[in-house]
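In this text the structure is predicted, and so the values were computed from the model without any measurement.
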Amino acid sequence: NISADGLTFSHTVMVGKTQGLKARSDNQEDIYQSYRMSNGQWAKSSPIGEPVKTPKNEGAQSFSLDGKYMFVVACDRKESLGGCDIYYSTKVDNQWTEFVNPGEPLNSKAWESTPSINADGDELYFASSREGGMGGQDIWKCNVIRNSDGTLSFSEPVNLGENINTINDERSPFIHPDNQTLYYSSNGIDGMGGFDVFFSRKNEYNQWEKAKNVGYPLNTHRNEIGFVVNSKGDRCYFSSNGLEKNGQGLDIYEAYLDESLRPKKVDFFIGIVIDDKTEEPLEANVELFRKKDDKVESHTISDKKTGKCILRVPSTGDDYAYNVTAEGYMFLSEDITETNTGQENYIRMKKATAGSSLVLKGV
C-alpha cells in the first residue's frame with residue numbers, strides 16, 4: 001500500500017523466515033513501513049509497532065486516504081467468524097487502537113482477505129470465498145459508514161460479477177483513488193502464469209468492464225499479486241516470484257506503468273484547519289461538493305492534532321467547493337481551483353461571536 005503523497009509504503013513481512021527455506025509454524029506475518037527519502041530511495045522498513053504488531057499474523061493492510069483507518073487481515077483469532085477475517089484500527093492521538101472485528105455482514109464463516117478502501121472512504125473491496133460467489137475466491141464490495149463515535153458499519157457485500165470474477169480464484173483487489181479503475185490478481189482467466197494481474201474500468205453506466213491482462217513484462221509465468229498504483233498513476237508496486245530466480249519467494253517490485261494501463265487523473269485537496277487567531281489546529285468536518293447541484297462527493301474530519309485533511313477531487317470538469325464546520329466557529333465555504341489542489345491550504349476558522357461575519361465564497 002502506498003500513501004496518496006507517495007512517501008509512505010507499507011507491506012507485509014514474514015518475520016523469522018530464512019531465505020530459501022519454507023516458512024515454519026513459529027514464523028509470523030507483521031506489517032512494516034518504509035519512507036521515501038529526499039534522494040528518492042526507500043528507507044529500510046521497520047514494523048509498525050504495537051498494538052498493531054502482535055505475536056500472531058497480521059497483513060494485507062489498506063489505509064484510508066486521511067490515514068485515520070487501517071484495514072488488516074488476521075486469522076484464527078478467538079473472535080474470528082471464519083479462518084481469516086477483516087479487522088480495522090483507528091488512529092487516535094497519533095496512535096493506532098486495538099483491532100476491531102466488525103463481524104457480519106463484512107465477515108462470514110468463510111475466508112475474507114486483502115481489503116482495499118476507496119479514496120472517499122465509503123466503499124471497501126475485498127476477496128472472499130463466501131457463499132453466493134462464482135467459485136473459489138471472488139472480489140466483493142460493501143459500503144462503509146463512518147459513525148459519529150468513529151466506529152464503522154458495513155453494508156451487505158455485493159459480488160462484482162462475471163466481468164471480474166471466475167470459477168477459480170481472484171484476490172488482492174486495489175481500487176485506485178480515481179474510483180474508476182480496479183486492479184487485482186486472478187488465476188481463472190487465460191494469462192501468462194499462475195496469478196496474473198488484471199485491470200478493469202467503470203463504463204458510463206458505472207459498471208465494471210471486462211477485465212484485461214496488464215501483460216508482459218509485469219506478468220510472468222509464475223505469480224504476481226498485491227498490485228497497487230500510486231495516486232499519480234505512473235508507477236506500480238507488486239509482489240512476484242517470477243521476475244528473478246533468487247530463491248526468495250515473493251519480492252516487491254516497482255515499475256513504470258504504461259499509459260494504456262493507467263487510471264484516470266486524480267487531484268487532491270489538502271487542508272490544514274486552524275484557529276484564525278491562535279493558529280492552533282482544529283478538528284472540523286470538511287465536505288467537498290459539486291457546485292452545479294450541491295451533491296456531496298466526499299467528506300472527512302480534520303485531524304485534531306495537526307488540523308490536516310485530504311479530499312479527492314473528481315476529474316470530471318465540474319466546479320467543486322468545500323464547506324468546513326467546527327463547533328464554536330463560523331461556517332466556512334471556499335471554491336476549489338487548480339491553484340489550491342495538490343498542495344497544503346491553510347483553512348483559517350473564525351470564532352463565532354456576536355456581530356462576526358465572513359464571505360461565503362463557495363456558495
Measure the spacing between [atom1] of [X] and [atom2] of [Y] and express it to the nearest 0.5 Å.
X	Y	atom1	atom2	value
Ser240	Asn223	OG	CG	8.0 Å
Lys232	Lys265	NZ	NZ	10.5 Å
Asp276	Lys351	CG	NZ	11.5 Å

In this structure, which one of Ile164, Ile175, Asn159 forms a side-chain contact (heavy atoms from CB on, under 4.5 Å) with Ile139?
->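 When side-chain contact (heavy atoms from CB on, under 4.5 Å) is applied between Ile139 and each of Ile164, Ile175, Asn159, only Ile164 qualifies.
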
When you check the side-chain N and O atoms of Thr337 and Asp335, is any donor under 3.5 Å from an acceptor?
->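 No - no donor-acceptor pair under 3.5 Å links their side chains.
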
Set of side-chain hydrogen bond (donor to acceptor under 3.5 Å, both in side chains) partners for Tyr237, sequence neighbours left out |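 Tyr237 satisfies side-chain hydrogen bond (donor to acceptor under 3.5 Å, both in side chains) with Arg36, Glu254 only.
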
Under the side-chain hydrogen bond (donor to acceptor under 3.5 Å, both in side chains) rule, collect the residues that match up with Thr300, sequence neighbours excluded.
->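 Testing Thr300 for side-chain hydrogen bond (donor to acceptor under 3.5 Å, both in side chains), a comparison that skips the adjacent residues, returns Asp66.
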
For the pair Glu279 and Arg348, find out whether any cationic side-chain nitrogen is under 4.0 Å from an anionic carboxylate oxygen.
->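 Salt bridge present between Glu279 and Arg348.
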
How are the rings of [X] and [Y] set relative to one another: parallel (under 30°), tilted (30 to 60°) or perpendicular (over 60°)?
X	Y	answer
Phe174	His176	perpendicular
Tyr87	Phe99	perpendicular
Phe154	Phe71	perpendicular

Counting distance only, does the side-chain N/O of Thr114 pair as donor-acceptor with the main-chain N or O of Arg171 below 3.5 Å?
->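 Not confirmed, Thr114 side chain does not pair with Arg171 backbone.
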
How would you list all residue pairs meeting side chain to side chain donor-acceptor pair (under 3.5 Å) that involve residues 195-205, not counting sequence neighbours?
->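 Listed once each, the pairs are Asp196-Asn213.
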
